[in-house]
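Here the structure comes first, spelled out in structure tokens, and everything after it is commentary.
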Amino acid sequence: MAAPPIFRMLVGGTLRGGRDHPVHADDGALLGYATAAGPGVVAEAVAAARTALPGWSATTADERGRMLHGVAERLDERRDRLASDIAAADGIAAGAAAELVDAAVDRWIWYAGWTDKLAGLLGAVHPATGPYVGWSAPRPVGVVGAVAPASLSALVETLAPALAAGCTAVVVVPHERPVAAAALADVLATAELPAG
């Protein structure tokens, strides 16, 4: 029998794992072990996100969209495994779990498509007195910190908009439900995103 998996976290482009907390399915079966992020690890994640911010925010909107679309493709490639893990963790039917994964992939693609539309939607031209004109354009504000519910759709709704806007993010989920977060961390670790 295989050893229970360790649900890893992504910090600064590196996956980390430890047997810090046992994770049980709704029926009580051991699913694996969650990795805990103490204050030092969170501070390291914030520092990595701050370091990555200038490069990520300077990436063109088209390139950000292409890279985020790649994340959706990787999620879709792992669809069956992810659906199986979510079904086991949440005690739902495999078909329902597959629909949840499909919805998360579609939503990630939706946010990837917004990268090149944000400036046109949120920017504006402002008339000024005299032969002048002023304009505004949205820009990334920095590192986004979030505590997200542990579902895959909630993680997508938390992380994808920040990345699409050119921000970096540190997202924390409850250690009792790390399956979706660990799967997304695995995807992001292999994606073409800058570390951090």
Side-chain angles (χ1 to χ4, degrees), residues 9-16 37 39-77 100-174 180-196:
M9 66 178 128
L10 182 65
V11 178
T14 304
L15 288 169
R16 297 184 181 182
V41 174
V42 173
E44 188 179 338
V46 170
R50 282 184 180 148
T51 301
L53 180 62
W56 181 244
S57 64
T59 302
T60 66
D62 289 339
E63 185 65 8
R64 268 198 320 269
R66 186 190 65 74
M67 286 191 261
L68 292 178
H69 195 273
V71 171
E73 288 175 348
R74 283 183 170 74
L75 272 172
D76 192 47
E77 289 167 2
L100 292 174
V101 174
D102 289 343
V105 169
D106 289 346
R107 196 62 170 174
W108 195 282
I109 291 170
W110 188 80
Y111 280 114
W114 273 100
T115 58
D116 62 349
K117 295 165 187 67
L118 290 173
L121 181 67
L122 300 176
V125 176
H126 309 284
T129 305
Y132 305 104
V133 67
W135 65 91
S136 61
R139 64 178 181 85
V141 294
V143 176
V144 174
V147 177
S151 72
L152 185 59
S153 61
L155 288 166
V156 168
E157 290 295 337
T158 301
L159 184 59
L163 295 178
C167 296
T168 55
V170 175
V171 180
V172 179
V173 297
L184 186 56
D186 285 340
V187 167
L188 293 172
T190 61
E192 192 184 332
L193 300 174

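Sequence positions, counted from 1, serve as the residue numbers for this chain.
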For the pair Arg50 and Thr168, evaluate side chain to side chain contact (heavy atoms under 4.5 Å, CB included) and give the outcome as yes or no after the intermediate values.
CA-CA 7 Å; Arg50 282 184 180 148; Thr168 55; over 6 Å; no
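Nearest heavy atoms, Val71 versus Ala191: CG2-CB, 3.7 Å. Counting all heavy atoms, side chain and backbone alike, Val144 lies closest to Ala162 at CG2-CB, 3.9 Å. Pairing each heavy atom of Ala49 with each of Val170, the nearest pair is CB-CG2, 4.1 Å. Listed here is the closest heavy atom pair of Ala185 and Leu15: O-CD2, 3.7 Å. Here the closest heavy-atom approach between residue Pro140 and residue Ser57 is recorded as CG-CB, 3.4 Å. Across every non-hydrogen atom of Val105 and Ala72, the tightest pair is CG1-O, 3.8 Å.
Atom CZ of Arg64 sits about 6.5 Å away from atom CH2 of Trp56, to the nearest 0.5 Å. In this structure, the separation between OH on Tyr111 and CG on Leu163 is 11.5 Å, given to the nearest 0.5 Å. A distance of 10.5 Å separates CD of Glu192 from CD of Glu73, quoted to the nearest 0.5 Å. To the nearest 0.5 angstrom, Leu75 atom CG is 7.5 Å from Leu188 atom CG.
Taking the charged nitrogens against the carboxylate oxygens, Arg66 and Glu63 do have a contact shorter than 4.0 Å, which makes a salt bridge.
With sequence neighbours left out, the side chain to side chain contact (heavy atoms under 4.5 Å, CB included) criterion links Leu155 to Ala148, Val171, Val173, Ala180, Ala181, Leu184. Trp114 pairs by the ring pair (Phe, Tyr, Trp, His ring centres under 6.0 Å) definition with Trp110, not counting sequence neighbours.
Between the side chain of Trp108 and the backbone N or O of Ala160, no donor-acceptor pair lies under 3.5 Å. Proximity of a side-chain donor or acceptor of Arg74 to a complementary backbone N or O of Thr190 within less than 3.5 Å is detected.
Using a 4.5 Å heavy-atom threshold, the side chains of Leu68 and Leu193 count as touching. Annotation: side chain of Leu152 is not in contact with side chain of Leu100 (no heavy-atom distance under 4.5 Å).
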